[in-house]
2 protein chains.
Amino acid sequence: MERVTIRDVAERAGVSNATVSRVFSDAHAVSPVMRDRVISAAEALGYRPNMLARSLIRAKTNLVALAVGETKNAYDSIFVDTLADALAERGKHLLLAKVRGGGPVDEALMGALDYQVDAAVVAAGTMTPEACARCARVGIPVVLCGRVPATLPAEPDLEEAVPPLPFLADSILADNGAGARMAADLLIRGGCRRIAYLGRSHRAFSDSERERGLRDSLAAQGMALQATARIAAGADGAYDAALRLLSAPEPPDGVFCMNDDAAMGVLQAAQALGIAVPDELAVIGFDNIPMAAWPGFRLTTIDYPISRTVETVIARIDARLADPARPPQVTRIPVRLMVRDTTRRGTGRPAVTSHKET
Amino acid sequence: MERVTIRDVAERAGVSNATVSRVFSDAHAVSPVMRDRVISAAEALGYRPNMLARSLIRAKTNLVALAVGETKNAYDSIFVDTLADALAERGKHLLLAKVRGGGPVDEALMGALDYQVDAAVVAAGTMTPEACARCARVGIPVVLCGRVPATLPAEPDLEEAVPPLPFLADSILADNGAGARMAADLLIRGGCRRIAYLGRSHRAFSDSERERGLRDSLAAQGMALQATARIAAGADGAYDAALRLLSAPEPPDGVFCMNDDAAMGVLQAAQALGIAVPDELAVIGFDNIPMAAWPGFRLTTIDYPISRTVETVIARIDARLADPARPPQVTRIPVRLMVRDTTRRGTGRPAVTSHKET
DNA sequence: CGGGTTTCTGAAAACGTTTTCAGACTACTG
DNA sequence: CAGTAGTCTGAAAACGTTTTCAGAAACCCG
């Protein structure tokens, strides 16, 4: 029950605690004989350094905060898993800051910042100016995933997304515009005339970008988006929304979904309604989660590689720690079209993008 | 860049730092006028207490470690999500300790313990006696999920599972025996004669219990397990293992799977091989993940309620914090059979267990 | 108005580390 | 052998809090 501190092992080894500290941190500048004495004393006592005390004085915790909403869906859970692995590999730990209810990320994030995390990854919600200011002042690197700084929740507009204060946050997003264009092209080439978008009722940044991208790409070809459905929160939200969408008087013949989970809901709904995929209805997802490749689905989707995203997150954190003043950087992760069996092959020109399976 | 400390706000408010501290912790025992002065000074400076320093002296971090392996699969990711929510609700944060490669949980867990977490939840790997000893000595509550203390990795034997030291860890597991019995009964009633089990190549505790439960239940009815397949690590492991299992010269006509993810692999493989479910092959999973209820799958499975598990985890932590000497407690979470469409209804007696959908 | 509570406040000692600064050796070097 | 550089070690001051202890001020009641 009683904690064993550096003094205990110093006393047992007959040295000062400074020496013990050096053994556990510096490694050099302590004679072999002393080191052995210290090590064996520490082992006998089962001593391990207190990270709280160490972090306090070193001003470095080896903790990284992750602000995230629900991580139940496939993409987010793999993201968390991959990020945690990448951090573990570098001796860092992940401190989870769950933002609840899709609101501003402040409360959860601030709570994690109080633990003096070395960096924060924000993959949920929107950051209020206060949170930005605090991060900027304390000087901890912030990497936004799937959003850019100072987004307006309602109608994000990339051109006008100027941060309200000089807040240095890097952001990493999928190339949503390109993905939406690939999807639109494939649907059109496949002969779809009534194209719909399926997004979430609580619109996140990427969701909006994908919808806008689809709209713009259709407009460029002289077409309009026929319908939009929004997924309500809850377990069967995607399925229900898809049912509504497909039960309309004039149902769409092609749906682009904000992510693969939503697309799976569409596939389920189509099956329930007896709608043939891809002949009567083409479906395209986003993310390329593992399940999309299952033989039972073979979902056409936009591949958004998680490992690449995580690598970039880590790289941005390191870069900003090395040079806190570097200008904020927006990174678009390139996406690829994965043509599988939920879309018709174009009757006209061949597909623009290769769809080699990895 | 410069941190604002308690002294800064004390100076600005013209009080001692003791007073500032009291405002941010005790709340009482400080006069209203002082409190206002302090609050406004703190706001002006953007002060927030340093949790490292606070935790150091209070010997309480409000951090809970979660030792976990891969969280990519549905059950584990929902578990993490639910646990993090439950902790957030009580003002605690989750520190992720990823154990990599399925080995002993030590390295990852110890790393998290160094941050003086208030409690640890272990949902992966096996704890070595050293890790147990350390937890016992430091006196932090440990709750094991899906395993009991001092399990032998190879062949866990509940009867002999005596902890090597007086290590007080509570454990929470599904009632795997009951679940396996329900599955066996349903398969037999459905007329299956060649029953197989699908588990993981790296056998975890629950995996072994479920296999043994199936074996015992079959034996009780004078039947033997026909085959066992093991899922290798990797994305398509379940699918590949199922393919092997179903391609055998005399393939099984009923499979009980260690979890729903594995069962999904079986369904995919059956579809790929043109095997009719449930007529030629009955499939039962475990966990009842949301996807199992999707109209495209309608997987018969054993419901293992996550929220109940998480509630129990929290309750055990609280109980042990309140009374560190209480005897360790093994809790079996009751499971329910969810009969859906991947099994045949029994031709004989009616089902033993109700299968009302929630 | 005096004694005794009660309420509030500040000085200072913790908490368990790291790290600077000297001091005390040893080991070269000429 | 003296001087100097080099290596190692310990005392003590940090890091940003909380908390004990005691003192000061206010209050109450006879």
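Naming convention: chains lettered A, B, ... in sequence-line order (proteins, then strands); numbering from 1 in each chain.
Although no hydrogens or angles enter the test, the distance criterion places a donor-acceptor pair under 3.5 Å between the side chain of A:D8 and the main chain of A:T5.
Looking at B:R316 and B:T331, their side chains do bring a donor and an acceptor atom within 3.5 Å of each other. A donor-acceptor pair shorter than 3.5 Å can be found between the side chains of A:T71 and B:D81.
Over its length, the helix from C:dC1-D:dG30 to C:dG30-D:dC1 turns its helix axis by 40°, as judged from the five terminal pairs at each end, rounded to 10°.
Using a 4.0 Å cutoff on non-hydrogen atoms, the parts of residues 41-53 of chain B near DNA chain D are B:Y47, B:R48, B:P49, B:N50, B:A53, ordered by number. Within a heavy-atom distance below 4.0 Å of DNA chain D, the residues of residues 55-65 of chain A found are A:L56, A:I57.
Atom P of nucleotide C:dG16 and atom CZ of A:F24 are separated by 16 Å, given to the nearest angstrom. Put simply, CZ on B:R54 is 16 Å from C1' on D:dC15, counting in whole angstrom units. As a whole-Å value, the separation of B:E11 CD from D:dT17 P is 14 Å. As rounded to whole Å, 11 Å separates atom C1' of D:dA12 from atom CZ of A:R7. One can place CD1 of B:I6 at 12 Å from P of C:dG10, the figure rounded to the nearest angstrom. Residue B:D114 contributes atom CG, which lies 17 Å from atom C1' of C:dC15 at whole-angstrom precision. Summarising the geometry, the separation between CE on A:M34 and C1' on C:dT26 is reported as 14 Å, rounded to the nearest angstrom.
With C:dG10, D:dG10, C:dT17 as the choices, the nucleotide that has an atom nearest any side-chain atom of A:R22 turns out to be D:dG10.
Of the side-chain N and O atoms in A:R3, one or more sit less than 4.0 angstrom from OP1 or OP2 of C:dG16. Between A:S31 and D:dT9, a side-chain N or O to OP1/OP2 separation shorter than 4.0 Å is present. Distances shorter than 4.0 Å separate none of the side-chain N or O atoms of A:T5 from OP1 or OP2 on C:dG16.
Open room surrounds CD on A:E107; 12 or fewer heavy atoms of other groups in view lie less than 6.0 Å from it. Within a 6.0 Å radius of CD in B:E11, other residues, nucleotides and ligands contribute 12 heavy atoms or fewer.
Residue pairs meeting the side chain to side chain donor-acceptor pair (under 3.5 Å) criterion with at least one member in residues 39-52 of chain B, sequence neighbours excluded, are A:D114-B:R48. Counting only residues at least two apart or in different chains, side chain to side chain donor-acceptor pair (under 3.5 Å) contacts with residues 54-69 of chain B comprise B:K60-B:N62, B:T61-B:D118, B:N62-B:K92.
In this structure, the salt bridge (charged side-chain N to carboxylate O under 4.0 Å, His left out) partners of B:R90, at least two apart in sequence or on a different chain, are B:D318.
For the atom pair CE of B:M51 and CG of A:L113, the computed distance is 11.0 Å after rounding to the nearest 0.5 Å.
Between B:E89 and A:R100, at least one side-chain N (NZ, or NE/NH1/NH2) sits under 4.0 Å from a carboxylate O, which counts as a salt bridge.
Within 4.0 Å (heavy atoms only), B:S21 reaches at least one base atom of the nucleic acid.
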